[in-house]
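The block underneath contains the structure these notes are about, expressed in structure tokens.
All of these numbers come straight from a predicted model, not from anything done at the bench.
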Amino acid sequence: MSFAPRRCLVPFGLAAALTCAAPALAEHAPSAETAAPQGKPQLVVAIAVDQFSADLFAQYREHYSRGLARLLTGAVFPSGFQSHAATETCPGHSTLLTGVHPSRSGIIGNNWFVPAIGREDKKVYCAEDESNPKSTSDEPVVSPGHLKAPTLGDLMKQADPAALNVAVSAKDRAAVMMSGHTADAVYWIRGKGFATYAGRKLSPAAKAENAAMAATVARGAGELPVPDWCGPVDHATKVGNFTIGTYRFPLRPGDFSGFSRSPRMDAATADMAVRLLDELPLGKDDVTDVLSVSFSATDYIGHAFGHEGVEMCIQMDQVDRAIGTLLDALDARGIDYLAVLTADHGGLDTPERLREQGVPYAGRIDASLTSAGLSQAVSRDTGITARSGPLLYGAGASGDIWIADGLTDEQKRKVIAALVARLEASPQIEAVYTADELAGVKLPNGDPQDWTMIERVAASYDPERSGEVLMMTKRALVPGPARPGYTATHGSPWDYDRRVPILFWRKGMTPMEQPQPVATVDIAPTLAARIGLTEPAGTWDGRCLDIDAGEADSCSR
């Protein structure tokens, strides 16, 4: 399928972002006359696509024609890794611009449990200030306080307070973990529009974007277009008493939830980022700024419909367009920017479709491996119960299990021994580790694809926050029963959840592709080298990647 090149006007509205024709890939290829980038860029643009696995990237890369096509003409690392086991949104985003594993950032999951905390569910959200009496795990007072490491933006502002550090996403945890502790502006969706930290007022840009979204939702819209190349995946798969695989995202008037969990949300995120370019302004002086943009719709769609239906194919087209909206806006403003794109984690298709496609062992985790099932079983085995509430918290996707508060040391030892025995006997469990085992693991410096299972788990183990026992399920198992809106997930230590693409682009770069494994913790030191930011040894867990395709070493500048 070919596209006639046509330059879209900027700034882009929501409708334009969803319908503007795509320019040909050749438009973005560097020419002999294009000067190689010199000196520091005016702006670092860090882009995350939530749940954008290396498998999705490989499957659809030949069809990209807008923003992702542009980035494919830069430095491409198709085998990037989230090195750790807890492949969830919050830990994954925390690695991107801190350059450290969750074991150092402290962001071990989207949530963790604190059995001694005063709230009934004992759950703490990764991006909340639970000390605020208004905060609950369901309605958190959003805060970066749990993040133990500085982000690139934090370090840039430390070096020069004039540097701007800005982030936008549909998800609060994505924007917070990429911007860190010193964000000049940070926005996410809450309720029916973009919101920010408590005590900060919405800027005119946020108000304008909220008004644009409200108008779109009020009108409603028809189905999104299906590219010709989506034909092979456009068929129904039965999951329980419903089907997936053929949905085209019609928007009922007034349905903001349908809007926010569709490709239209990525278009709105790109629009919001463009508005912030002009409002702040970003990239307009000789001090390098950073703009972090996390696109969330791929994750929402992956959970609801899996990876191998027409829904994800439509999304791959639409997120390509949304990224193109942002990059075209940067070009139109004459900003010299260095862009990087990656993902917080990958994902798994629905077990029902996987079984149709030759994965007979794909399935859902047995109810006996939930916190409720394990609590009952271990209480029967030991005769030990909690003073109130369940004996155990956690289990599920990320595998951490916490023990109820108030037990004696001897009771805890018995509970841990019984729990480990139960888990090791389960045919759905690949590995079980205790906190004592993980505390002694030294993380390797080698390729993340070669890390052992215990090394992967240790990379997301924090003794202050992680569970007393961690269980790792076997391949292709999904926690929880299927329901409309939830058919598949991520969070495992397997490579379909760990592998993500990493792409760097700056005008004039010589294209290169390096298939050897690299890690998301390599991104921050790579960007730091390109903007001349020098940090002490030990600041990063990752290494600087040489993204020059010639004899020059971009890490030694």
Could you tell me if the side chain of [Y] sits less than 4.5 Å from the side chain of [X], heavy atoms only?
| X | Y | value |
| --- | --- | --- |
| Leu348 | Leu354 | yes |
| Ile531 | Pro41 | yes |
| Glu513 | Pro78 | yes |
| Arg499 | Ser53 | no |
| Thr288 | Val44 | yes |
| Met156 | Asn165 | no |
| His345 | Asp50 | yes |
| Ile335 | Val45 | no |

Under a 3.5 Å distance rule, please check whether [X] uses its side chain to pair with a backbone N or O of [Y] as donor and acceptor.
| X | Y | value |
| --- | --- | --- |
| Trp451 | Gly446 | yes |
| Glu455 | Pro448 | no |
| His181 | Leu147 | yes |
| Arg355 | Ala362 | yes |
| Asp497 | Gly491 | yes |
| Gln82 | Thr87 | no |
| Ser466 | Tyr461 | no |

Item checked: Full working for side-chain contact (heavy atoms from CB on, under 4.5 Å) between Leu97 and Leu527 -> CA-CA 9 Å; Leu97 295 183; Leu527 295 174; 3.9 Å; yes
Between [X] and [Y] (salt bridge meaning N to carboxylate O under 4.0 Å), is one present in this structure?
| X | Y | value |
| --- | --- | --- |
| Asp344 | Lys171 | no |
| Asp336 | Lys507 | no |
| Asp278 | Arg333 | yes |
| Asp317 | Arg321 | yes |
| Lys148 | Glu464 | yes |

Can you tell me how the ring of [X] sits relative to the ring of [Y], calling it parallel under 30°, perpendicular over 60° and tilted otherwise?
| X | Y | value |
| --- | --- | --- |
| His303 | Tyr486 | parallel |
| Phe57 | Phe52 | perpendicular |
| His146 | Trp112 | perpendicular |
| Phe305 | Phe249 | perpendicular |

Looking only at side-chain N and O atoms, does [Y] offer a donor or acceptor that is under 3.5 Å from a partner on [X]?
| X | Y | answer |
| --- | --- | --- |
| Gln428 | Thr473 | no |
| Asp154 | Thr182 | yes |
| Ser105 | Thr95 | no |
| Ser554 | Asp546 | yes |
| Gln51 | Thr298 | no |
| His63 | Asp320 | no |

Taking atom [atom1] of [X] and atom [atom2] of [Y], what is their separation to the nearest 0.5 Å?
| X | Y | atom1 | atom2 | value |
| --- | --- | --- | --- | --- |
| Leu533 | Thr539 | CG | OG1 | 9.0 Å |
| Leu438 | Asp462 | CG | CG | 11.5 Å |
| Cys313 | Gln318 | SG | CD | 10.5 Å |
| Thr534 | Leu155 | OG1 | CG | 11.5 Å |
| Cys544 | Asp522 | SG | CG | 8.5 Å |
| Asp172 | Met177 | CG | CE | 9.0 Å |

Considering all heavy atoms, the nearest [X]-[Y] contact:
| X | Y | answer |
| --- | --- | --- |
| Glu88 | Gly109 | OE1-CA, 3.3 Å |
| Ala46 | Met178 | O-CE, 3.7 Å |
| Met312 | His307 | CB-O, 3.5 Å |
| Asp548 | Asp553 | OD2-C, 4.2 Å |
| Leu277 | Ala329 | CD1-CB, 4.4 Å |
| Val186 | Ala175 | CG2-CB, 3.6 Å |

Margin query: With a 6.0 Å cut-off (strictly less than), is the heavy-atom count around CG of Asn445, excluding the residue itself, greater than 12?
Written below: no
Next item on the list: Please report the C-alpha distance between Leu327 and Tyr337 in whole Å, then the side-chain angles of each, then the deciding distance to 0.1 Å, and finally whether the side-chain contact (heavy atoms from CB on, under 4.5 Å) criterion is met.
Entry: CA-CA 9 Å; Leu327 301 187; Tyr337 62 95; 3.8 Å; yes
Next item on the list: Might you work through the side-chain contact (heavy atoms from CB on, under 4.5 Å) test for His101 and Ser83, ending with a clear yes or no?
Entry: CA-CA 8 Å; His101 301 302; Ser83 306; 3.7 Å; yes
Item checked: Residue among Arg456, Arg475, Lys474 satisfying salt bridge (charged side-chain N to carboxylate O under 4.0 Å, His left out) with Glu430 -> Lys474
Notebook entry, point to check: Under 6.0 Å between ring centres, would you say that holds for His93 and Trp188?
Noted result: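 Ring centroids of His93 and Trp188 are no less than 6.0 Å from each other.
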Check: Can you list the steps and then say if Thr151 with Ser179 is a side chain to side chain donor-acceptor pair (under 3.5 Å)?
Finding: CA-CA 6 Å; Thr151 64; Ser179 57; over 6 Å; no
Checklist line | Glu311 vs Arg353, salt bridge (Lys or Arg N to Asp or Glu O under 4.0 Å): CA-CA, chis, key distance, verdict | finding: CA-CA 14 Å; Glu311 301 92 349; Arg353 192 156 43 210; 5.1 Å; no
Next item on the list: Tell me, with the steps shown, if Thr325 and Arg66 meet side-chain contact (heavy atoms from CB on, under 4.5 Å).
Entry: CA-CA 8 Å; Thr325 295; Arg66 286 286 305 277; 4.2 Å; yes
Note to self: Quick check on side chain to side chain contact (heavy atoms under 4.5 Å, CB included): which of Leu43, Asp285, Val287, Leu280 does Leu164 satisfy it with?
What the structure shows: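 With Leu164 as partner, Leu43, Asp285, Val287, Leu280 yield a single side chain to side chain contact (heavy atoms under 4.5 Å, CB included), made by Leu280.
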